[in-house]
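Computed from a prediction, not measured in an experiment: that's the story for all the values here.
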Amino acid sequence: MEIGVCVKRVPMVGGKIVLTPDEQEVDTRLSGFTISPHEECAVEEAVQITERLGGTVSVLTLGPPEAADQLRDALALGAKRAVLLETDGREWGPIATAEAIVAEVRRHAADGPGYDLLLCGNEAADTGDYQVGIRVACALGWPCVTGIKNLEIAEAGGSGLGTVTEEWGPEPPGGSGESPPRASRAIARARREYGGGTETFEFGLPAVICVKEGINLPRYPSLPGRLRAKRAAIERDEPQWRDDGLRKRSLRVPATQRKQATVLGTGADAVPALVGVLEEWGLLP
C-alpha cells in the first residue's frame, strides 16, 4: 500500500508569542520548528498501517529549504520517501497549498501506481485553516473524512469490513471530465467523536483522511532511524507561488490576565495581615 502524508513545518510553542513589527507574522527568530502535532500522528498512523499490510510511506511538505529538517524527522519515524515542495519562504494560502499537493499526487501517479491513501492533519497547528485536506480531496475526486480518531484499513473482502465495488468519482472542479477510478483493493473504516457519540464511515480507497492528535501515540525515533534519515535523499520540486486571493490584515495576540502575588510578611508578623485578608473575603465568622 502506498500512503502519502502531508506535514507542515510549524513553530514550537512553549513561551510568549511575539509578532513581527508589521503584525503580519509570528516572530520565529528565537523559536525552534517541528511537525504539526496532528500530522506527527498521521505519520505514525501511516507507518503502523504499512507495518501491518506492507507498503511504503511518503511524506511531503510545502515550505522553505529548512523544512527538510521536518521531513527527516518523519523519515526517522519510519517513512521511506520524502518530497519537499520548496518555496521562497512566503506563506502560502490553503487554496495554493492544496493545488501544489494535488500536482505532486498526480505527478507521483504518472510515475507509478500512485497513492492508495493520503493522510493529513485535521488542521495546522499555526494557522488552523481546516481546509487543505478537503480541497485536495475535492480536486482529486476522492472521498474525504475529517476529525478521525480511529482508523482501520483492510483488503476488500478479507477482513469482515465489507466489500467495495469499483466506481467512478465525481468530476473534480476544473478537471478534464474523467476522474481516476476508485480502487477496489482496500477499504477504510474511520471513526470520529461527535456530539457525545461516535460517527463511523466506511469507504473505498484511494481517499483523503484528516486525523486528529490522539489517534495514536507517536513513537520516539530510534538511533538507526535517525542515521538513516540523515543520509536519505529528499526529492525536491519548486511549485510556482500563486496569490489565492485571501488577504491577511494583521495578527493579534489575545490579552492575558496578569497574575501577581503579594507578600503579607514573614512569620508571626504576617498574621494580622492574613486575618485581615480572610475577613475581607468573608471567610471568618
Side-chain angles (χ1 to χ4, degrees), residues 1-9 35-36 39 42-43 46-47 49-50 54-75 78-121 124 129 131-144 166 168-183 185-186 204-210 229 232-244:
M1 175 171 289
E2 186 78 10
I3 303 177
V5 184
C6 301
V7 302
K8 186 178 183 182
R9 168 185 167 93
I35 298 174
S36 192
E39 292 148 13
V43 173
V47 172
I49 291 171
T50 56
T56 303
V57 176
S58 300
V59 288
L60 59 140
T61 191
L62 183 142
E66 294 80 7
D69 294 340
Q70 282 64 56
L71 290 177
R72 295 194 187 280
D73 290 343
L75 290 170
K80 302 300 183 184
R81 174 176 171 265
V83 180
L84 174 60
L85 305 177
E86 190 170 327
T87 70
D88 58 6
R90 283 182 288 184
E91 182 71 21
W92 286 45
I95 299 174
T97 299
E99 289 180 350
I101 293 172
V102 168
E104 160 56 26
V105 171
R106 289 175 172 159
R107 184 165 49 248
H108 185 60
D111 295 337
Y115 296 115
D116 298 294
L117 175 63
L118 196 64
L119 295 180
C120 303
D129 288 324
Q131 294 187 43
V132 172
I134 298 171
R135 290 183 180 277
V136 169
C138 183
L140 294 172
W142 292 3
C144 177
E166 189 161 343
W168 294 88
E171 178 184 349
S176 62
E178 290 187 357
S179 298
R182 296 177 183 173
R185 293 171 298 167
L205 301 183
V208 178
I209 300 177
C210 302
I234 294 179
E235 301 176 26
R236 297 174 185 262
D237 189 50
E238 296 183 8
Q240 185 175 359
W241 185 85
R242 184 179 73 82
D243 185 356
D244 59 15

Are any non-hydrogen side-chain atoms of [X] and [Y] less than 4.5 angstrom apart?
X    : Y    : value
R107 : D237 : yes
W142 : V105 : yes
V83  : S58  : no
D73  : V7   : no
C6   : L118 : yes
V43  : V59  : yes

Which atom of [X] lies closest to which atom of [Y], heavy atoms considered:
X    : Y    : answer
R236 : A68  : NH2-CB, 4.1 Å
P143 : A137 : O-CB, 4.2 Å
V208 : G133 : CG1-O, 3.6 Å
V47  : T50  : O-OG1, 2.9 Å
K80  : L75  : C-CD2, 3.9 Å
P65  : E86  : CG-OE2, 3.2 Å

Could you state the interatomic distance from [atom1] ([X]) to [atom2] ([Y]), rounded to the nearest 0.5 Å?
X    : Y    : atom1 : atom2 : result
W92  : T87  : CH2   : OG1   : 7.0 Å
D88  : E238 : CG    : CD    : 9.5 Å
T61  : I35  : OG1   : CD1   : 8.5 Å
C120 : Q131 : SG    : CD    : 13.0 Å

Using side-chain contact (heavy atoms from CB on, under 4.5 Å) as the criterion, point out the one residue from L62, I101, I95 that pairs with V132. I101

Is E91 salt-bridged to K8, going by a charged N under 4.0 Å from an acidic O? yes

R72: which residues meet the side chain to side chain contact (heavy atoms under 4.5 Å, CB included) condition with it, sequence neighbours left out? A229, A232, I234

Is there a donor-acceptor contact under 3.5 Å from the side chain of D116 to the main chain of E2?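 Yes, D116 side chain to E2 backbone: donor-acceptor pair under 3.5 Å.
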
Measure from the side-chain N and O atoms of R9 to the backbone N and O of E66, and report whether any donor-acceptor pair falls under 3.5 Å. yes

Which residues satisfy the salt bridge (Lys or Arg N to Asp or Glu O under 4.0 Å) test with R81, sequence neighbours excluded?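 R81 satisfies salt bridge (Lys or Arg N to Asp or Glu O under 4.0 Å) with E104, E235 only.
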
Report the C-alpha separation of H108 and L60 in whole Å, then their side-chain angles, then the decisive distance to 0.1 Å, and conclude whether the side-chain contact (heavy atoms from CB on, under 4.5 Å) test is met. CA-CA 12 Å; H108 185 60; L60 59 140; over 6 Å; no

